[in-house]
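Only a predicted model underlies this, so the values are computations on that prediction, with no experimental measurement involved. Worth knowing before you read on, the calculation uses all heavy atoms, side chains too, and leaves out hydrogens, waters and symmetry mates. Proteins come first, then strands; the chains are lettered A, B, ... in the order of their sequence lines, and each starts at number 1.
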4 protein chains.
Amino acid sequence: MPKPTASTDRRQQLVEAAFDEIAANGFEGLRTRAVARAVGIDHSTVHHHFATKADLIAAVVDHAIAPFRTGKPLTGSPAEQLRDHLNLLVRLMRERPRLFIVLRELDLRATRDDNIRAILAERDNRWRDTTTTLFRQPGWHSDTDPEAAAELVIAAVKGASFAPDPDRAAAAIDELLRLLTPREERP
Amino acid sequence: MPKPTASTDRRQQLVEAAFDEIAANGFEGLRTRAVARAVGIDHSTVHHHFATKADLIAAVVDHAIAPFRTGKPLTGSPAEQLRDHLNLLVRLMRERPRLFIVLRELDLRATRDDNIRAILAERDNRWRDTTTTLFRQPGWHSDTDPEAAAELVIAAVKGASFAPDPDRAAAAIDELLRLLTPREERP
Amino acid sequence: MPKPTASTDRRQQLVEAAFDEIAANGFEGLRTRAVARAVGIDHSTVHHHFATKADLIAAVVDHAIAPFRTGKPLTGSPAEQLRDHLNLLVRLMRERPRLFIVLRELDLRATRDDNIRAILAERDNRWRDTTTTLFRQPGWHSDTDPEAAAELVIAAVKGASFAPDPDRAAAAIDELLRLLTPREERP
Amino acid sequence: MPKPTASTDRRQQLVEAAFDEIAANGFEGLRTRAVARAVGIDHSTVHHHFATKADLIAAVVDHAIAPFRTGKPLTGSPAEQLRDHLNLLVRLMRERPRLFIVLRELDLRATRDDNIRAILAERDNRWRDTTTTLFRQPGWHSDTDPEAAAELVIAAVKGASFAPDPDRAAAAIDELLRLLTPREERP
DNA sequence: CATGAATGAGATTTCATTCAT
DNA sequence: TATGAATGAAATCTCATTCAT
């Protein structure tokens, strides 16, 4: 078990502090000074660890999408897989609301930042592929269009993160799950 | 028919220019100088029309949600009303993509701007109420939860505006419409 | 006679202040803050008149080589023309020592600044051409190589500006003039 | 034969790297980090060898004027001595152009740096004395002013290093040599 | 000797806002 | 209404230097 170096620690601290700043004040409100202050170092020292603000942001992006990278493969029937997938997301929305705030910020910033767009597009493509594949399996309503259903899932999840509270977000996603689940598999 | 004063024209010009700037560069990229340049006046003059940048932004917010205020009442069966409502939104997404870009920006900024949050919350509440009322009418699946369905509609529409192209957004909304429409009313 | 606008005045003031700064502290020591302070305005206002520091420097370069642009045509015999030319330079060295300090700085900076190099190269080429042409006229020692003589004149003048005092610079240039002047035209 | 310690080697390496940096980017572009990188050590370590940047620069100055310190005494007639002296300089200009770039930088910086000025003034005084003494010897034109001639030699050599290429520099110095050489000794 | 984290002073540049004309 | 000069706060980034290891 390699002991993390001081450097790694500090970098991680900075990334987390920047994450918190974005969650609190948005990308627009991200200030290297504030990040440094949160960690307790001089603002110029931030540049010792991240040459530019963009480098720091890139690390934050990595950090923010990490929870979605390490997803363990889903198991069970297609409907069970969808249920597990959406339930996981709902649970994350409840447990880590700030993560979804940051993701919203990232999605918006991606519009005008090529680096972020590339990273998020990759994540979305993977998400889209997985979900489309899921809906291509047998067991859904015969008139379900796999690609359209996948778009709907993605849109609903992203949009739910704008809900004024997690309960409303969860209600929206639960309703979506109910609608997509074939009648005979509903609880 | 009152002829608009030059002043009124100028204000409107500024609002539209600011709208365009936000669509192009985001809130973060909104510069009063750029707005002034787009209109062809000196940047100081903007302050004759809008005391502060926040005032200009408030006017842009009003301008952006105007298309949703003047909605004529829906008619027909509940399913027809939902169909008309969502089709209108899809058509807007196709015809005025920049409007939805700006709305996305507004939704995000609302997180940290009380004025914007108030305006958008009002719009969302009206939207939520109308949609919930719609789902309270008879004719839906017996297990449809009106409030959850309304949340889902709102989430899906908001999330669809993050789709990489209008076709995908339309596919998601069409799929949602299909899922919500009772089997016997589907085309 | 057009009355100079306030803007022109301020720009001119800034250029002269920057010139003085360079004479005093070199290009390396040129600070927009110091220039602003010398003129009595806030340092950010400098950017109202010159978008970037490079723009300000470009204006200083123009200002510095202006005395060499408006040279009236030389008259008389070739030897008299050379004498007048060098005497003019010696007089300038005595009367405006800071001008030559700045020119030295410019010559050095030209090594690494394309814009400055272009401007100075143009000046040097004109100077070289004029002087070569001068030495191509009849009346010089038969073994004078016009191009080499022109190079020597330019080198000596530039090098003389490194002399510890104007008298030494003048002595060098006078000696050069004596050496180049045909014996029969010497006083 | 004392084997140089590692420390001595490192110091020398650093001085040469700093010399190279100045030749490439000027004094203004001299960065201790870049020097350290060129040598392959951490930038903090530079301070183990040179307490401050000024100390490093002082060593570079010494290194730059070394070629002029170890000049072996000139022999032959005065005209031959001048010829050998100038030919040596011309050869150096061709073989070590970067040396003259650095010397130019030094001469300029001397204007505002007391330490450098002192070192260079000493070199110039020695140069001036030697050259004046040379012109005081019999064999020159009767109207040659030894001190003025020495100033001219120094000015021309310094100025020649601003020539756009070594050929032009050489042409200027050769022409000077020709002009100074008594007619009866010219080849 | 060497490293790397940290510092702090300072530099340019941006931008909303104010004010006199 | 409109202009443009001016302001001042703030932001990112640079770099020589110091210090603990």
Can you tell me the distance, in whole Å, between the [atom1] atom of [X] and the [atom2] atom of [N]?
X       : N      : atom1 : atom2 : value
B:Ile41 : F:dG4  : CD1   : P     : 12 Å
A:Asp42 : F:dC13 : CG    : C1'   : 12 Å
C:Glu28 : E:dT12 : CD    : P     : 13 Å
A:His43 : E:dA5  : NE2   : P     : 18 Å
D:Arg37 : F:dC15 : CZ    : P     : 10 Å
A:Glu21 : F:dT12 : CD    : P     : 11 Å
D:Phe50 : F:dT18 : CZ    : C1'   : 19 Å

Quick one: label [X] by what it contacts on the DNA or RNA (base, sugar-phosphate, nothing), any heavy atom closer than 4.0 Å.
X       : result
C:Thr32 : sugar-phosphate
A:Thr45 : base
D:Leu56 : nothing
A:Arg31 : sugar-phosphate

Task: Parallel, tilted or perpendicular, as decided by the 30° and 60° cut-offs, for the rings of B:Phe19 and B:His63 - done: perpendicular

TODO: Mind telling me whether C:Phe162 and D:Phe162 have parallel, tilted or perpendicular rings, with 30° and 60° as the class edges?
DONE: parallel

TODO: Indicate yes or no for a side-chain donor-acceptor contact from A:Arg33 to the backbone of A:His43 under 3.5 Å, with no hydrogens or angles considered.
DONE: no

Task: Distance-only donor-acceptor test, D:Arg33 side-chain atoms vs F:dA16 base atoms, 3.5 Å - done: yes

Open item on the list: Within this structure, what is the CD-CG distance for the pair A:Glu21 and A:Leu14, rounded to the nearest 0.5 Å?
Closed with: 11.5 Å

TODO: Check DNA chain E for consecutive Watson-Crick or G-U pairs with both distances under 3.5 Å and list the runs of at least three as stems.
DONE: E:2-21 with F:2-21

Open item on the list: Check B:Glu28 with A:Arg109, please: is the shortest side-chain N to carboxylate O separation under 4.0 Å?
Closed with: yes

TODO: Kindly indicate, with the supporting measurements, whether the criterion salt bridge (Lys or Arg N to Asp or Glu O under 4.0 Å) is fulfilled by B:Glu105 and A:Arg112.
DONE: CA-CA 12 Å; B:Glu105 296 276 348; A:Arg112 278 169 287 272; 2.2 Å; yes

TODO: Kindly determine whether B:Asp107 and A:Arg104 satisfy salt bridge (Lys or Arg N to Asp or Glu O under 4.0 Å), including the steps that lead there.
DONE: CA-CA 10 Å; B:Asp107 254 320; A:Arg104 260 163 41 183; over 6 Å; no

- [ ] For nucleotides F:dT21 and E:dC1, find the distance between their C1' atoms and express it as a whole number of Å.
- [x] 13 Å

